[in-house]
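Comments concern the structure below.
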Amino acid sequence: NRRIVLASRPTAAPSADNFRLEQVAIPALQDGQMLLRGQWLSLDPYMRGRMSDAPSYAPPVAIGDVMTGGVVSQVVSSRHPDFKEGDLVMAYTGWQEYAVSDGTGAHKLPAGFDHPSHALGVLGMPGYTAYAGLIDIGQPRAGETVVVAAATGAVGSLVGQIAKQRGCHVVGIAGGAQKCESAVKELGFDACIDHRAADFAQQLQAACPRGIDVYFENVGGAVLDAVFPLLNIHARVPVCGLIAHYNGGSLATESSAILRRVLTQRIRVQGFIIFDYYVNRPDLYAAFQQEVGTWLKQGKLHYREDVVQGLEQAPEAFMGLLQGKNFGKLVVKLD
Ligand code: NDP
């Protein structure tokens, strides 16, 4: 069994020596356990947080432990009453090819699930994040302007498409011309602005002539600085992520200036962690599966995956995710 463990903690951007590829024996199965062979490993921004021991909403990965991650696997053999050989399951078994599981946190994929990797993206954690954050906190209404950054990514691409389905004017923000073109032509956004452009803030203002009613926050940094002055009275800001700061980039924006604008514009800012919604809002989860699942089947949603081959490529691909090198939901094909 090959696995990737955390070798050391990064202080800035992660580098190859923070990871170590190991070969270990697969332990024998006990009663109540099953052996899983990983097919698809999800790579997600939150993993940068787990590499650090700074206080957070979840405990860090210990040095020498397998990197955390969601994996779609096939059951190879089972001594667990609820799972049988051949079942496809999604579980947080981490960056490894095989895992022994007692079923904790493991969910069977429904029969006839067309694309198993979708359980890690559009129909999984990032998809539900987009849906819950936008619908429950953003509460977009037809005719309003919705802005989302990391617009072609796993979360952002769905946020914008749901907002379009709700009749909103949708403006994406993405890194580079190719991603911006895809946001407009493939995802159907009304506009998409390149955050690396020198006149980014002016372009954003021009694309939002009626201001911004919902800003779905994925990145922070210079993007947030450009968005904030454009927020309308009673704007809503679901704070989902701040990826521009995950490698330790300073939180440069003056927080009191931000709070002043929150006050004068009566803006509602709310952070959220999607795990709470899994626990507390089964109703919303069911609505997400139903609505997004149907759109996907009907071909009304565009979903792009960025697939890398082989476990050994995971560190490099993950480091690229934190620099915008991925184009679409990043997954690793194991085998
Ligand atoms: P993506 O697939 O969108 O990939 C990350 C993207 O972030 C990159 O492709 C890049 O896009 C952008 N990015 C990276 N670095 C920077 C930077 N310095 N400045 C601006 N943009 C940058 O990832 P996800 O869709 O999985 O995640 C999007 C956000 O949602 C993240 O912040 C993540 O932490 C958050 N999240 C939060 C959850 C919660 O429970 N609150 C759950 C899931 C995700 P580009 O090249 O276009 O700039």
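Each ligand, and each atom within it, is numbered from 1 in the order the structure gives. Computed over heavy atoms, backbone and side chain alike; hydrogens, waters and symmetry mates excluded.
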For F19, what residues pass the ring pair (Phe, Tyr, Trp, His ring centres under 6.0 Å) criterion, not counting sequence neighbours? W95
Does any donor atom in the side chain of Y128 or Q289 lie under 3.5 Å from an acceptor atom in the other side chain? no
Could you go step by step and tell me if D225 and V223 meet the side-chain contact (heavy atoms from CB on, under 4.5 Å) rule? CA-CA 5 Å; D225 290 345; V223 170; over 6 Å; no
Dump all N/O pairs between ligand 1 and the protein below 3.5 Å as a table: atom names plus distance, one pair per row.
{"residue": "ligand 1", "atom": "2 (O)", "partner": "A154", "partner atom": "N", "Å": "3.1"}
{"residue": "ligand 1", "atom": "2 (O)", "partner": "N326", "partner atom": "ND2", "Å": "3.3"}
{"residue": "ligand 1", "atom": "4 (O)", "partner": "N326", "partner atom": "ND2", "Å": "3.2"}
{"residue": "ligand 1", "atom": "9 (O)", "partner": "K179", "partner atom": "NZ", "Å": "3.4"}
{"residue": "ligand 1", "atom": "9 (O)", "partner": "N326", "partner atom": "OD1", "Å": "2.6"}
{"residue": "ligand 1", "atom": "15 (N)", "partner": "L322", "partner atom": "O", "Å": "3.3"}
{"residue": "ligand 1", "atom": "25 (O)", "partner": "A154", "partner atom": "N", "Å": "3.2"}
{"residue": "ligand 1", "atom": "25 (O)", "partner": "V155", "partner atom": "N", "Å": "2.8"}
{"residue": "ligand 1", "atom": "30 (O)", "partner": "N218", "partner atom": "OD1", "Å": "3.3"}
{"residue": "ligand 1", "atom": "32 (O)", "partner": "N218", "partner atom": "O", "Å": "2.8"}
{"residue": "ligand 1", "atom": "32 (O)", "partner": "Y246", "partner atom": "OH", "Å": "3.3"}
{"residue": "ligand 1", "atom": "34 (O)", "partner": "Y246", "partner atom": "OH", "Å": "2.7"}
{"residue": "ligand 1", "atom": "40 (O)", "partner": "I274", "partner atom": "N", "Å": "2.7"}
{"residue": "ligand 1", "atom": "41 (N)", "partner": "C240", "partner atom": "O", "Å": "2.9"}
{"residue": "ligand 1", "atom": "41 (N)", "partner": "F272", "partner atom": "O", "Å": "2.8"}
{"residue": "ligand 1", "atom": "46 (O)", "partner": "K179", "partner atom": "NZ", "Å": "2.7"}
{"residue": "ligand 1", "atom": "47 (O)", "partner": "G175", "partner atom": "N", "Å": "2.8"}
{"residue": "ligand 1", "atom": "48 (O)", "partner": "H195", "partner atom": "NE2", "Å": "2.7"}

Would you find a donor on one side and an acceptor on the other, under 3.5 Å apart, between the side chain of Q323 and the backbone of G320? no
N/O donor to acceptor pairs below 3.5 angstrom from side-chain atoms of residues 50-75, sequence neighbours left out:
{"residue": "S52", "atom": "OG", "partner": "A54", "partner atom": "N", "Å": "3.0"}
{"residue": "Q74", "atom": "NE2", "partner": "G86", "partner atom": "O", "Å": "3.2"}

Could you give the side-chain donor-acceptor pairs of residues 107-114 under 3.5 Å, partners two or more places apart or in another chain?
{"residue": "K108", "atom": "NZ", "partner": "D82", "partner atom": "O", "Å": "2.7"}

